[in-house]
Amino acid sequence: MLGPVILAASRSDKMRRIVSAAPVTKPVVNRFIPGETVDQVIPIVEELTQAGLEVTLDVVGEDITEVAQSYAARDAYLQLIERLAELGLGEKAEMSVKLSMFGQALEGGHELALANVRPVVEAAAAIGTTVTLDAEDHTTLDSMFAIHEELRRDFPQTGCVIQAYLFRTEADARRLAAAGSRVRIVKGAYKEPAEVAYQDKAEIDKAYVRIMKILMEGEGYPMIGSHDPRLIAIGQELARQAGRKLDEYEFQMLYGIRSEEHLRLAAEGHRMRVYTAYGTDWYGYFMRRLAEKPANLLFFLRSMITKN
Ligand SMILES: Cc1cc2nc3c(=O)[nH]c(=O)nc-3n(C[C@H](O)[C@H](O)[C@H](O)COP(=O)(O)OP(=O)(O)OC[C@H]3O[C@@H](n4cnc5c(N)ncnc54)[C@H](O)[C@@H]3O)c2cc1C
């Protein structure tokens, strides 16, 4: 019930101002977004990789309004890649990007986003790592998949995300499950209408299993993005049935969520990648984390009440 309300609030400028300015927000935000600058996130990357985990880094930000912001987003990723290279972390840390932050929704946005993301993908490849294009709301996906296809001509290891809640995704999974492709499957984090997406959790889970099966039986590299213990167990079983070795797929979870499970899967020999977001424009990312688990919102509201 609460999830859709929080997701609606995640698009509200008024709520953004209130939540971002509240002094009690910070400690709650830090659980999911452990830094605002490259200098703050690098020690986290070192800590995670030393614990046997891999990382995908997201510089938070989306829904920009000015072209200059899209250049700033590109430059923030280029700066990050430079630091990863200096520290020799390239092989353990990849990048996740949201094309809206690269200007996708602005006028001429498709070309602008492609022009901005290309140098990031190039720089990542130069240090032995790669970039995954996150999936945002359904209206952006045709453009995202076209940019993904274009980037893969020169950088075939470029990954993309598909969302189990969308009706279109089984067909996308079949198209993408080809040799050399890297595909992250997630449930989906945006508020989507009933014309395009399953609304019922059980339906979404069933679709997730069907899509995992397509990816595991395909020729590509599946990345299972979920904290759901049942889906993780089914993913392991589907990988076994498809005859995949432990390094022929990976699990991915978000920083700050079920951290003990990250370590457990890594200790079992699985590739386990932690999606680590950082930066100052954290509002949209933070609100989606609250929407996924309303208990987070109650914790957040309680801390507001007790501190005021
Ligand atoms: C690596 C990664 C990348 C992602 N990239 C995208 C993307 O590009 N596009 C997109 O639309 N979505 C993305 N998501 C979000 C995804 O769509 C889901 O919203 C999110 O993962 C919650 O779904 P779940 O599979 O964990 O299952 P759920 O059923 O939501 O959660 C299972 C269990 O995990 C724990 N949990 C889950 N979420 C939280 C939370 N926020 N706080 C505390 N505990 C929690 C709870 O214990 C819960 O019972 C990504 C998720 C991951 C893990």
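All residue numbers refer to positions in the sequence shown, counting from 1. Order of listing sets the numbers, starting from 1, for every ligand and every atom in it.
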Cationic N near anionic O, under 4.0 Å, Lys98 to Glu62: no
What one should report as the nearest heavy-atom pair of Leu215 and Ala177 is CD2-CB, 4.3 Å
Identify the protein heavy atom lying closest to atom 7 (C) of ligand 1, giving its residue, its atom name and the separation to 0.1 Å. Ala135 O, 3.6 Å
Taking His110 for the side chain and Gln104 for the main chain, is one N or O donor matched with an acceptor at less than 3.5 Å? no
Is any N or O atom of Gln163, backbone or side chain, closer than 3.5 Å to an N or O atom of ligand 1? yes
Member of Glu268, Glu260, His262 meeting the side-chain contact (heavy atoms from CB on, under 4.5 Å) criterion with Arg264: Glu268
Kindly say whether Ala197 contributes a backbone atom to a donor-acceptor pair with the side chain of Glu203 at under 3.5 angstrom? no
Output yes when the distance from some N or O of ligand 1 to some N or O of Ile257 is under 3.5 Å, and no in every other case. no
Below 4.0 angstrom, N of the basic side chain to O of the carboxylate: do Glu292 and Lys187 qualify? no
Among Arg273, Lys187, His227, which one has a heavy atom closest to atom 21 (O) of ligand 1? His227
Among all protein heavy atoms, pick out the one at the shortest distance from atom 20 (C) of ligand 1; state its residue, atom name and that distance to 0.1 Å. Glu292 OE2, 3.3 Å
Nearest-neighbour protein heavy atom for atom 47 (O) of ligand 1, which is reported as residue plus atom name and distance: Lys293 NZ, 3.6 Å
Whether the Tyr275 and Asp58 side chains hold a donor-acceptor pair (N or O, under 3.5 Å, no angle test) is what I'd like checked. yes
At a 4.0 Å threshold, what atoms of ligand 1 neighbour a non-hydrogen atom of Gln252? 1 (C), 53 (C)
Test of proximity, Ala189 against ligand 1: N or O pairs below 3.5 Å: yes
Nearest non-hydrogen atom to atom 32 (C) of ligand 1 belongs to which of Ile232, Leu133, Asp228? Asp228
I need the nearest protein heavy-atom contact for atom 24 (P) of ligand 1: residue, atom name and distance, please. Ser226 OG, 3.7 Å
Judging by distance only, is a nitrogen or oxygen of Gly188 under 3.5 angstrom from one on ligand 1? yes
Which atoms of ligand 1 sit under 4.0 Å from any heavy atom of Val161? 7 (C), 8 (O)
Side chains of Ser100 and Glu136 only: does a donor on one sit below 3.5 Å from an acceptor on the other? yes
Please report the C-alpha distance between Ser226 and Asp228 in whole Å, then the side-chain angles of each, then the deciding distance to 0.1 Å, and finally whether the side-chain hydrogen bond (donor to acceptor under 3.5 Å, both in side chains) criterion is met. CA-CA 5 Å; Ser226 180; Asp228 186 331; 5.1 Å; no
Under the 6.0 Å and 45° cation-pi test, does Arg153 pair with Phe155? no
Any N/O pair Tyr165/ligand 1 closer than 3.5 Å: no
Short side-chain donor-acceptor distance under 3.5 Å, Gln236 and His270: yes
Pick from Ile185, Val186, Asp137, Leu254: the one approaching atom 16 (C) of ligand 1 most closely through a non-hydrogen atom: Val186
Considering only heavy atoms, does Asp134 approach ligand 1 within less than 4.0 Å through its side chain, its backbone, both, or neither? both
Considering only protein heavy atoms, determine whether one is less than 4.0 Å from atom 49 (O) of ligand 1. no
Specify whether the nearest protein heavy atom to atom 39 (C) of ligand 1 is under 4.0 angstrom away. yes
Near Asn296, which atoms of ligand 1 are under 4.0 Å from a heavy atom of that residue? 40 (C), 41 (N), 42 (N), 43 (C)
For the pair Thr276 (side chain) and Leu57 (backbone), establish whether a donor and an acceptor sit closer than 3.5 Å, ignoring hydrogens and angles. no
Taking both backbone and side-chain atoms of Arg258, is any N or O found less than 3.5 Å from an N or O belonging to ligand 1? no
Does ligand 1 have any atom sitting under 4.0 Å from a heavy atom of Arg31? yes
Do Arg289 and ligand 1 have an N or O pair less than 3.5 Å apart? yes
Ligand 1 contact by Arg184, heavy-atom criterion under 4.0 angstrom: yes
Answer yes or no on whether Arg175 is positioned over the face of Phe145, meaning its NZ or CZ is under 6.0 Å from the six-membered ring centre and within 45° of the axis. yes
